[in-house]
Amino acid sequence: MDAVGLGEVGEHLDSFVGEVFSSLARKDRVATAGVYVRGVMLDGKRKSMQPMAERLGCDHQRLQQFVTSSPWDVVPVRKVLSRKACEVITPQAWAVDDTGFAKDGDASPCVARQYSGTLGKVGNCQVAVSVHAVTDHASAPLNWRLFLPASWDDRAAGDAEQKAAITARRAKAAIPGNEHHRRKWEQALEMIDELLAWGRTLPPVIVADAGYGDATEFRQGLTDRGLAYVVAVKATTSIHPGDAIPVTPPWCGNGRPPKSHYPDPPTTCKDLVMTAGRHALQEVTWRHGTKTGPANPAAAMRSQFTAAQVRPANRTIARAVDGSLPELWLVAEWPSGATEPTDYWLSTLPADTPITELVRLAKIRWRIEHDYRELKDALGLDHFEGRSWLGWHHHTTLVTAAHLFLTTLRLTSPKASGQD
């Protein structure tokens, strides 16, 4: 957004910042929050503090102190942001995902050589896990966690020397003593619990990629919380057909009674869909995009899909009294011209859910990429150069506030200046 556009919405932005950052006790801190939010919104290639301060005509030490060391709590700010985001978006789902921040050195909190979907490979980076409110047309982050690798957890140290080195590294980044390594899906469940504790309404469904869907514990955690889901899984995920019935071997009354079991071994998602064949597919349009053409004037996004009731097979999945595994949906995409299916999802939505709705929700996670692109490219989410845990969380929260302000403008004032 240029300076003119920012000036046109200045009064509205002041009101927004005043509400979102009302938990900050000092007025000068609220004012600095407003300056920082303006800084990340204002046009400019780099959104680190020095260049932002030059564009804003303010002392960069003011911004640096506010972000890196000022002891304001991000939780009440994120609580307000999540409420306002859900009010303006009315989410059709909450999407769980993660994103990477490439780093050159090793001093940034939680940086490590680790896999990042953003990089598409293992690289030196930070990784953040996030939960977003999404519809087909809008989305916004609701909560964040900075992923802490085992190499930053002194409890995972192999010996005293390694533990001392990790402890020193943590102290330099000011990582709280109660922060330890958790798997990404565990952090996702934490954030969902936190959002519900903040008073957010149960989402209609949780969506996530296979990095989360492949974790049986994550899927079970959602079910235990009464949350429906549509999550991607690998082709090799073990399943039984939906009509499979467990059997109980004869028992004469001596010894421990045998447990019920399925007489046939499980198959995989891929094998089940391949066995059903292409005649089980149907064409589904899940959204209309913007790239029209002679062959597709409506910019319809469509492909070939199939859906069937299945029973995921894993020894950690809770079984019913009769030994049966829970029945849920398997959705698979098999595009025309492809030799085999390309994507798979499991869903606990009701058995009468139309395939069009299953596919739409399976594909709705695309909105996350829009969020990450705007947060990083336009608002400088990955431009933070600080080396403290608190600073990263402050910066991320401030950028999230700027993103929500712009999203609100787009949804409530589509012709507002500076909104592309």
Side-chain angles (χ1 to χ4, degrees), residues 93-98 129 131 182-193 196 202-249 251 256-276 280 305-333 341 343-353 355 357-359 361-362 365:
W94 285 359
V96 173
D97 209 338
D98 53 74
V129 183
V131 177
R182 286 104 70 212
R183 289 165 289 189
K184 295 183 182 76
W185 64 262
E186 291 177 300
Q187 292 186 306
L189 290 177
E190 285 178 8
M191 284 189 284
I192 290 170
D193 288 342
L196 297 178
L202 282 172
V205 64
I206 301 291
V207 298
D209 67 14
Y212 299 86
D214 279 333
T216 304
E217 302 95 330
F218 177 68
R219 302 199 310 264
Q220 187 63 50
L222 296 177
T223 298
D224 292 344
R225 289 162 172 77
L227 297 169
Y229 61 75
V230 182
V231 294
V233 293
K234 290 191 178 79
T236 53
T237 300
S238 297
I239 55 172
H240 291 288
D243 59 1
I245 299 174
V247 299
T248 303
W251 181 53
R256 180 179 298 177
K259 293 182 178 180
S260 298
H261 67 280
Y262 288 90
D264 298 318
T267 184
T268 66
C269 292
K270 177 182 175 180
D271 288 344
L272 186 144
V273 176
M274 293 285 285
T275 299
F305 295 86
T306 186
Q309 291 283 291
V310 299
R311 300 177 185 273
N314 187 299
R315 59 172 177 251
T316 63
I317 298 175
R319 297 182 179 233
V321 176
D322 65 356
S324 61
L325 290 160
E327 189 173 11
L328 57 157
W329 283 108
L330 168 66
V331 181
E333 181 178 3
D343 296 283
Y344 304 84
W345 297 266
L346 292 176
S347 174
T348 54
L349 287 171
D352 60 354
T353 305
I355 188 173
E357 181 67 0
L358 291 168
V359 171
L361 291 169
R365 200 186 62 81

What's the verdict on side chain to side chain contact (heavy atoms under 4.5 Å, CB included) for Tyr344 and Thr268, showing C-alpha distance, side-chain angles and the deciding distance? CA-CA 11 Å; Tyr344 304 84; Thr268 66; over 6 Å; no

Mind running side chain to side chain contact (heavy atoms under 4.5 Å, CB included) on Val247 and His261 for me, showing each step along the way? CA-CA 6 Å; Val247 299; His261 67 280; 4.0 Å; yes

At what distance, to the nearest 0.5 angstrom, does OG of Ser238 lie from CZ of Arg315? 11.0 Å

Give the minimum heavy-atom separation between Ala208 and Arg365, together with the two atoms involved. C-CD, 3.7 Å

Could you point out which residue of Val205, Ile192, Thr348 forms a side-chain contact (heavy atoms from CB on, under 4.5 Å) with Leu222? Ile192

Ignoring hydrogens and geometry, is there a side-chain-to-backbone donor-acceptor pair from Asp214 to Lys234 under 3.5 Å? yes

Kindly indicate, with the supporting measurements, whether the criterion side chain to side chain contact (heavy atoms under 4.5 Å, CB included) is fulfilled by Trp329 and Val230. CA-CA 9 Å; Trp329 283 108; Val230 182; over 6 Å; no

Of all heavy-atom pairs between Arg319 and Ser260, which one has the smallest distance, and what is that distance? NH1-O, 4.5 Å

By the definition side-chain contact (heavy atoms from CB on, under 4.5 Å), identify the one residue from Leu325, Thr216, Thr237, Ile239 that meets it with Asn314. Thr216

To the nearest 0.5 Å, how far apart are NE2 in His240 and OG1 in Thr267? 10.0 Å

Please report the shortest heavy-atom distance between Ala93 and Val207, naming the atom on each side. CB-CG1, 4.3 Å

Check this for me: Leu196, atom CG, are more than 12 non-hydrogen atoms of other residues, nucleotides or ligands nearer than 6.0 Å? yes

In Å, rounded to the nearest 0.5 Å, how long is the span from CD of Glu217 to OH of Tyr212? 14.0 Å

Go through the steps for Trp185 and Val129 under the test side chain to side chain contact (heavy atoms under 4.5 Å, CB included), then give the verdict. CA-CA 9 Å; Trp185 64 262; Val129 183; over 6 Å; no

With rounding to the nearest 0.5 angstrom, report the CD to OG1 distance, Glu333 to Thr306. 12.0 Å

Determine the minimum heavy-atom distance between Ala188 and Val96, stating which atoms define it. CB-CG1, 3.6 Å

Roughly how far apart are Gln220 CD and Arg225 CZ, rounded to 0.5 Å? 10.5 Å

Quick one: pull up CD1 in Ile206 and CZ in Phe218 and give me the separation to the nearest 0.5 Å. 6.5 Å

Can you see which heavy atom on Arg311 is nearest to which on Ser324, and at what distance? NH1-CB, 4.2 Å

In terms of heavy-atom contacts, Gly213 and Arg219 come closest through O-NH1, 2.7 Å

